[in-house]
Amino acid sequence: MEGKAGNFKVTLTQHPRYIREDKCTGCGICVKYCPVEYPDPFNQAISKNKAVHVYFSQAIPLVAYIDQSCLYLKEKKCLVCDSVCQADAIDLRQREEKINVAVGAIILASGIKPFDPRNHAEYGYGKMQNVVTSMDYERLLSSTGPYRGEILRASDKKHPKNIAWIQCVGSRRTTMGGNSYCSGVCCTYTQKQVILTKDHAPDARCTIFHNDIRAFGKDFERYFQRTAALPGVRFIRSYVSVDREEPENRNVVVRYATADAGVKEETFDMVVLSVGLTPPADHLGLAQTFGIALSDHGFNRADPVNPIATSRPGIFVSGAFQGPTDIPESVFSASGAGSLCGTLLDKRRGKLTKERIYPSERDVAGEEPRIGVFVCHCGANISSVVNVSSAVEYALTLPNVVYAKEQLFSCATNSAQEITDLAREKGLNRVVIAACSPRTLEPLFRDTLREAGLNQYYMDMANIREHCSWVHSKQKEAATEKAKDIIRMSVARARRLEPLQEFDLPVNKAALVVGGGIAGMTCALSIASQGHPVHLVERDKELGGMARRIPTTLEGMDVQAHLSDLIRKVYQHPSIHVLHDAQIIDVAGYVGNFETTVESERGVSRIQHGAAVIAVGADVYQPTEYLYGENPQVVTHLELGERIAEKDETIESAQSVVMIQCVGCRTTERNYCSRVCCSHAIKNALTLKAINPDMNVDILFRDMRSYGLREDYYRAAADKGVRFIRWEPEDPPKVEAGTGEDGRPVVKVTVADPILGQRLELDADILSLAAAVIPSPSTDAIASLFKVTLSPDGFFKEAHVKLKPVEFATDGVFLCGTAHYPKHIQETINQAYGAAGRVLTLLSRDTVVASGAVCAVTAKKCMGCGACLDVCTYGAIEMQKSRKGDKAVVNPVLCKGDGLCNAVCPTGAIVLQHFTDRVMLSQIDAVSAISDSVLQIDEVTACD
Amino acid sequence: MKNDIIPKEVIEQFSRSSASRHFGDVMVVGGGVSGIQASLDLATAGFKVYLVEKAPSIGGHMAQLDKTFPTNDCSM
Amino acid sequence: MSLNECNYITQGNFYALNVTLLGKRILQHIGLNPGRLQIEFMSGGDGLLFAEVVDAFVKQVQALGPLGKGAEENIGSQALASRLSSVMKLVPYIKIAKREKLTARLTNEAAYEAHFTSEEIDSLFENVVSYYIEPSACKACMTCLRRCPVDAIDGRKNWIHVIDQEKCIKCGTCLEACPPLFSAVRKNF
């Protein structure tokens, strides 16, 4: 690669696939006949696959590739695949190609490599057959895995009943070949594996050997409790050694320490090593090629104020290459990287992209239904259980079905094209796809219809996979009959489908950011730098939020300097308009077209905007325990940090500081972890030790959750003599005012030390409490104004915790910062850029499309009773006066199509289009044996 | 996973190369969940993206997972 | 399973529960076994639970036998058809009459049991209101006719309007619509 930001030239080497991609249908015949087997890398080399195969069953592109173990490539022999391939897709003469690409910016989303314990003899991996890594185990759990979803031991292919997980493999180690950081995800992924194991085998016994359970993320604490509550699950706090293998049965013997009974030995059927995350395979090569600096651990060397930037302008890093992290962070940092590229390349926006033009839609309203049915094999997912050909034959017997065909993978590009072509050729005006769940591929098949010039709502999917072949795999004949029933129902529905229009609405190009802290300001600047006006509304007189109270971060970032810089940039930016002392009075409108009324220092303003970002931050719990508020020597970590920065006398002269973690959270009242406090405590502890190395600093903890790269600071603190004392929730520390040996006033803290087996009494000059991070007091009001939801803990609830971490179910409203969940400043910055990136996907477009499957009112039938209005919490219905009385009217953009209004309406005036009573009843009639009673009732009530 | 699409060293004169040439806005290196999200966002926002992946398919490590925490949704 | 885990903030689960409870009482009123109607709440991840629940329900319904032929039912198909159709006609009226109760959010078993009582439903059916037009007061202005959501009023200019009781859903719109000066629409309790 060469060049600079805005103008990079990258040379790629494309390795040959030896398959003609446009010809291959992924049918799998070549795989069947290939004589060469080699360990399948996708299945962690546990099972074998052929030299020619599809990488995995949902691969994109879904075509085969030929591995280097191919006989022809090695010895110029064989070519069986070529002779059996019906599509002429094999091409073993392909060569490596060099491709030059000129781009303006680069994002390195290179991911991680799981730690490989093979070179660490102490784990026995690679020697003991029944020691596996967590990634191996993940493949064992998967239904596409080496044993089709059966968890089996490699040694004898039996189900293990007694399984142990060993945490921190490759992580939190300062020995050769290990990584000193914490990988952050292993505690929770192990819990996941335990829960899934219990699903597979309810009587399995699962033991997790750990040193701290780092359940610091959103909903993690509850997940941990859920796992611990399962029968037969034990969490044992101890590092372990994998001692030996029992020769007769290859069971694995593990040794561990207990608090009261010395070292114990236990035998397990299988041991799973919870391996950590290491930098991507060729991180050194990547760093060299792209000229970026790496940290000592081999991840991107982060700019403290921007974890997405690298040392080279124009090159960004997203995901776990930033440092070990989980999926939500990988997702929003990706959106963030997109936003930074957008800022850099704003002038080029839209120049190289093409608008997708669909053929014009044919009006088929006057035609008789001509239904085409396509039955998918889904590889073998469906066809191994359901007799697909007989389903096709059956479909042809149904009224109005004029064409039916089977396909291997209807979703494959060539098959979807085939559907489009046949729809035109045979004059189809309805299409039924008998395949998987609409949740997966409905948009794809609707698109397929649009390409054929048909309204996309003329498509129905008959789910013969999730609802049939996958759940009746042992009853092939019955499953085939059921598949036919499902197809019949779908055909009955298709007959009655109506064309629906989606709405193109204009998008107002401005954004509203609620909250002027680090999150709000970072997001506002990112959006504004891409050419959009931003209205930033702040509750207080000043910008800055909670960050004003935080002098530095654990990594040493000067927060106040960064804050000043941000504030200056915000005020100086011509497109950002700030309102202080602001309160939001009302929010009206919908995605692309909001109008928010704000009362502020400037009086009442009505702001029009297309998107809103909620960045209202969080608050600090005011403790009522441990003498806080009664004794001036008891403070919170936040206050301690402030006092240290002010060089407060009491700090400088303190002989002993005690910290108590988990104050006000991880309780029944607040059943979550505040995430930042352990690191916060360590930060203060390190600062105190720097002020006075002889100061006694004791941290009383339940689990030390210094996750990710913060682990190094935990170790540093311990090295400097900070003492860590663990307490159990059943026996919390006790605090009372007292006098020290030298007569000075102290706070006496008593705690039971599990290692020493005694109660300790600590005299503290300062007692600092890790007061919980709690939702901002404005949360409820903001939630109801913007019509967004809250999680059980009172923070905002995003649309999907993993895959949509910065948006809401309500379109057009986004989220970032501690309003989402407690987090560190670096994480907030990542997420703020992420929210900006998502906002740009909306604001950069001129229109937003609203779905057609929404409710509509037949005014004639409406009696104006208002029952529908009462139940619609999206505010999508309003009552309008007409000459014929009050009539309900639906705003299709706000309507989410949940249909409750439909259910409450006495006259049936309001219907949920695409799911009308008529359509649903026709499906029910199609499946039930129609008895006389039903026919008579139908006649009488004229249900059409 | 030996198929490599890894960017190589600088070639001396761009015009001398006989390789095919492409022009885009952003190159995303890595087709895991992060790379896919970045590509989708950028494309929706009006940029032409080249997504390069060394394996025969996109998906990364997340494709190897069965379910994801804490919702236990299918990883695929 | 709590009912407020719906992803749609409208929380339609509560309504679904209420309408099912009402449905059961109506089935009882007609003489059918309420065990033929059941509602369960579970998430998309509860596949195993779904299978168990459906299998159990199928057994239950099979044990009850065809509609009307169950142990304590003994209703012939003609009678059944006629009872069912008369209920169907009253559905709009029931929805209006029970509007508030149907949107209540119940929290425990005891509340479910007590929400709709059989006495209440019996009374609902016995005391159905009906609307009629007093011929002497009707001025054939066509206002009520135009407003009727189900086109249940026959008439034209200068022809006295008549409410077709078969079609009428007893919503009361006609009563509201009829100009107070005429007050031709009357309600029977």
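When reading the values below, keep in mind they use all heavy atoms of this one structure, side chains included, and skip hydrogens, waters and symmetry mates. Note that the structure is predicted; figures quoted are calculated from it, not measured. Within every chain, numbering begins at 1; the chains are lettered A, B, ... in the order of the sequence lines, protein sequences first and strands thereafter.
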Contact origin within [X] toward chain B - heavy atom pairs under 4.5 Å:
| X | answer |
| --- | --- |
| I327(A) | side chain |
| K354(A) | neither |
| V54(A) | neither |
| Y189(A) | both |
| R349(A) | both |
| R226(A) | side chain |
| S330(A) | both |
| R845(A) | side chain |

Side chain, backbone, both or neither of I58(B) within contact of chain A (heavy atoms, under 4.5 Å) = both
Non-hydrogen atoms of chain A under 4.5 Å away: do they reach the side chain of F47(B), the backbone, both or neither?
->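 It is both, since atoms from each part get that close.
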Quick check for you: among [options], which has the greatest number of heavy-atom pairs under 4.5 Å with chain B?
| options | answer |
| --- | --- |
| G319(A), P61(A), S142(A), A59(A) | S142(A) |
| C341(A), S335(A), A337(A) | S335(A) |
| D219(A), V331(A), L840(A), L140(A) | V331(A) |

Could you list all the salt bridge (Lys or Arg N to Asp or Glu O under 4.0 Å) pairs where at least one residue sits in residues 26-52 of chain B, not counting sequence neighbours?
->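 Non-adjacent pairs meeting salt bridge (Lys or Arg N to Asp or Glu O under 4.0 Å): R838(A)-D41(B).
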Within 45° of the ring axis of F69(B) and under 6.0 Å from its six-membered ring centre, is that where the NZ or CZ of K802(A) lies?
-> yes
Side-chain donor-acceptor pair present, T197(A), Y137(A), cut-off under 3.5 Å |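 Checked: T197(A)/Y137(A) side chains pair up, N/O donor to acceptor below 3.5 Å.
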Looking at [Y], is its backbone amide N or carbonyl O close enough to the side chain of [X] to form a donor-acceptor pair, meaning the two atoms are under 3.5 Å apart?
| X | Y | answer |
| --- | --- | --- |
| H15(A) | P56(B) | no |
| S57(B) | I60(A) | yes |
| S333(A) | G336(A) | no |

Run the side-chain donor-acceptor check on residues 104-114 of chain A: report pairs under 3.5 Å with partners two or more places apart or on a different chain.
none

Among A43(B), G31(B), A38(B), G59(B), single out the residue with the greatest number of heavy-atom pairs under 4.5 Å to chain A.
->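 Sorted descending by pairs with chain A, the first entry is A38(B).
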Could you go step by step and tell me if I195(A) and K67(B) meet the side-chain contact (heavy atoms from CB on, under 4.5 Å) rule?
-> CA-CA 11 Å; I195(A) 294 175; K67(B) 308 265 196 302; over 6 Å; no
Heavy-atom pair of closest approach, residues Q64(B) and R139(A) = O-NH1, 2.9 Å
